[in-house]
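The first residue of the sequence shown is numbered 1, and numbering continues consecutively from there.
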Amino acid sequence: FQPVTKLFEEQVRLHPDKCAVASSKESFTYAQLNERANRIANSLIEKGVGCEKIVGVVLERCCDFYAVRQGILKAGGAFAVAAPDYPDERVQFIFEDAGVPFIITTKEIANERQELFSRLSCTVLLLEELLENSNAGNPDTQIKEHDLCYCIYTSGSTGKPKGVMLEQRNLLNLIEYILMTRKLTPDDIVAEFASFCFDASVIDLFAPLTAGAVLYILPESIRKDAVAVGKFIKEEKITTATFPTQMGELVAELLDDAPSLKFVTLGGEKFKYYRDRTYQMINGYGPTENTVSSTEFWVDKQYDNIPIG
């Protein structure tokens with residue numbers, strides 16, 4: 001068994017100076033991203049984070065989000081995410097229910113949500129301070145296949161958030177499937193559209209960087225604008241993207257000419273309108289409990305009822 005952290009470190013060894021993750025504001029090479037993840041990991045290890053310990057994350061959409069997730073896993077822990085704009089009650093429920101000893105956030109968010117964080121029983125760790133750790137070496141953590149990897153909170157059928165816990169082997173199995181079917185290579189540029197609180201982000205954030213590809217985080221400002229998303233895909237030469245079904249259908253309708261684009265995966269709702277495009281459209285389905293995606297159908301024409309696999 002080789003955990004995702006080791007697959008990433010292998011790409012760091014092969015492509016240290018290649019761009020790993022980018023946004024409209026910043027970018028990091030594989031070596032830079034690994035160094036940041038290691039500083040976070042070693043800081044967490046010093047604080048006692050290890051196997052089966054869940055660490056909370058409250059961050060905006062940024063390149064360091066990957067460094068934080070990877071850093072938590074490198075420490076042997078697991079992550080649980082809450083969005084900075086979640087209501088106080090939801091954030092408090094998620095982190096108290098998960099029993100997190102620590103929450104990683106930025107100084108800016110910590111100041112904005114000071115009242116909320118003061119009510120929580122866990123310790124708030126500032127990302128800026130974690131990144132000051134002098135130890136940037138890969139931690140020698142023994143990660144096993146049944147170790148907890150992450151905990152994602154769904155809305156739950158009752159409206160009350162429900163925590164779903166996935167193991168390291170679940171994530172590795174998903175990543176291996178994506179690498180095999182999408183044939184990701186260092187030449188690929190993968191768009192990250194999903195909210196970091198949703199399980200679709202697990203595919204986007206981990207799969208590209210185990211293949212030496214580039215992960216490009218879409219700006220929050222365009223995520224609800226299909227025209228802007230289509231323009232972004234063309235201008236940034238995106239090769240692979242995953243969308244909620246409704247947004248994916250809109251983008252496909254508008255995007256009839258995208259020479260670089262190879263795969264568009266839709267999921268979350270019923271896929272109704274197929275478009276004949278130069279890129280492959282994929283209808284995906286899977287509950288969070290089954291590690292994001294359980295079945296897929298590579299759509300080749302319009303059906304009365306488009307299959308899910």
Side-chain angles (χ1 to χ4, degrees), residues 1-9 12 33-59 62-83 91-106 109-110 117 120-133 135-153 161 163-175 196-199 201-203 205-207 209-210 288 291-292:
F1 170 75
Q2 194 174 30
V4 171
T5 52
K6 295 302 181 186
L7 298 181
F8 170 62
E9 288 170 6
V12 174
L33 189 61
N34 189 51
E35 181 179 295
R36 296 174 84 82
N38 288 344
R39 292 184 192 278
I40 293 166
N42 289 315
S43 296
L44 293 175
I45 291 169
E46 291 167 11
K47 296 179 185 300
V49 171
C51 179
E52 303 296 306
K53 290 282 181 68
I54 302 176
V55 178
V57 181
V58 184
L59 292 174
C62 63
C63 292
D64 268 326
F65 209 110
Y66 183 85
V68 168
R69 280 190 174 184
Q70 188 72 217
I72 293 170
L73 296 186
K74 279 171 173 268
F79 57 83
V81 181
V91 176
Q92 187 168 354
F93 176 85
I94 288 173
F95 291 146
E96 289 184 351
D97 185 67
V100 305
F102 303 107
I103 294 173
I104 298 176
T105 191
T106 60
I109 295 173
F117 289 148
L120 301 179
S121 57
C122 50
T123 302
V124 174
L125 304 177
L126 298 180
L127 175 59
E128 293 88 346
E129 294 178 2
L130 297 179
L131 289 170
E132 291 174 0
N133 192 299
N135 186 356
N138 292 328
D140 184 22
T141 311
Q142 298 304 310
I143 299 172
K144 300 181 179 65
E145 57 187 328
H146 290 289
D147 288 351
L148 186 62
C149 183
Y150 64 88
C151 180
I152 282 191
Y153 277 78
V164 179
M165 298 188 292
L166 282 301
E167 298 177 352
Q168 288 279 345
R169 61 177 184 152
N170 301 127
L171 176 59
L172 181 62
N173 183 63
L174 175 68
I175 301 283
F196 289 160
C197 298
F198 294 161
D199 62 354
S201 71
V202 173
I203 295 179
L205 285 172
F206 286 105
L209 301 189
T210 58
T288 302
T291 322
V292 187

Q: Measure from the side-chain N and O atoms of Thr5 to the backbone N and O of Leu73, and report whether any donor-acceptor pair falls under 3.5 Å.
A: no
Q: If you measure from CG on Leu44 to CD1 on Ile72, what distance do you get to the nearest 0.5 Å?
A: 6.5 Å
Q: Report yes if the side chains of Arg69 and Val57 come closer than 4.5 Å at any heavy-atom pair, otherwise no.
A: no
Q: Where is the tightest heavy-atom contact between Phe8 and Leu209, given as atom of each residue plus distance?
A: CD1-O, 3.5 Å
Q: Can you check side chain to side chain contact (heavy atoms under 4.5 Å, CB included) on Val202 and Ile152, steps first, answer last?
A: CA-CA 10 Å; Val202 173; Ile152 282 191; 4.1 Å; yes
Q: Would you say the side-chain atoms of Asp147 pair up with the backbone N or O of Gly76, donor to acceptor, closer than 3.5 Å?
A: no
Q: If you measure from CD on Glu167 to CD on Glu52, what distance do you get to the nearest 0.5 Å?
A: 8.0 Å
Q: Check Asn38 against Ala136 and note the closest heavy-atom contact, atom names and distance.
A: ND2-O, 3.0 Å
Q: Roughly how far, to the nearest 0.5 Å, is the CD atom of Gln70 from the CZ atom of Phe65?
A: 13.5 Å
Q: For the atom pair OG1 (Thr105) and CG (Leu127), what is the distance rounded to the nearest 0.5 Å?
A: 8.5 Å
Q: Does the side chain of Asn133 pick up a donor-acceptor pair with the side chain of Glu46 at under 3.5 Å?
A: yes
Q: Considering non-hydrogen atoms only, spot the tightest contact between Lys74 and Pro139 and give its length.
A: O-CG, 3.7 Å
Q: Find the distance between CG (Asn138) and CG (Asn34) and round it off to the nearest 0.5 Å.
A: 5.0 Å
Q: Does atom CZ of Phe198 have more than 12 heavy-atom neighbours, drawn from other residues, nucleotides or ligands, at distances under 6.0 Å?
A: no
Q: Look up atom CD in Glu145 and atom CD in Gln2, then write down how far apart they are to the nearest 0.5 Å.
A: 13.0 Å
Q: Would you say the side chain of Ile94 lies within less than 4.5 Å of the side chain of Val100, judging by non-hydrogen atoms?
A: no
Q: Before giving the answer on side chain to side chain contact (heavy atoms under 4.5 Å, CB included), spell out for Phe196 and Leu205 the whole-Å C-alpha distance, their side-chain angles and the decisive distance to 0.1 Å.
A: CA-CA 9 Å; Phe196 289 160; Leu205 285 172; 4.0 Å; yes
Q: Evaluate the side chain to side chain contact (heavy atoms under 4.5 Å, CB included) criterion for residues Leu172 and Leu7: first the C-alpha distance (whole Å), next the side-chain angles of each, then the deciding distance (0.1 Å), finally the verdict.
A: CA-CA 10 Å; Leu172 181 62; Leu7 298 181; 3.6 Å; yes
Q: Looking only at heavy atoms, which two atoms of Leu148 and Gln168 are closest? And how far apart?
A: O-NE2, 4.3 Å
Q: Of the non-hydrogen atoms in Val292 and Asp199, which two are nearest, and what is the gap between them?
A: CG2-O, 3.3 Å
Q: For the residue pair Phe95 and Val58, what are the closest heavy atoms and their distance?
A: CE1-CG2, 3.6 Å
Q: Step through it carefully: locate the ring centre of Tyr150, locate the ring centre of Phe206, and say whether they are under 6.0 Å apart.
A: no
Q: Between Leu166 and Leu171, does a side chain to side chain contact (heavy atoms under 4.5 Å, CB included) hold up when you go through it step by step?
A: CA-CA 8 Å; Leu166 282 301; Leu171 176 59; over 6 Å; no
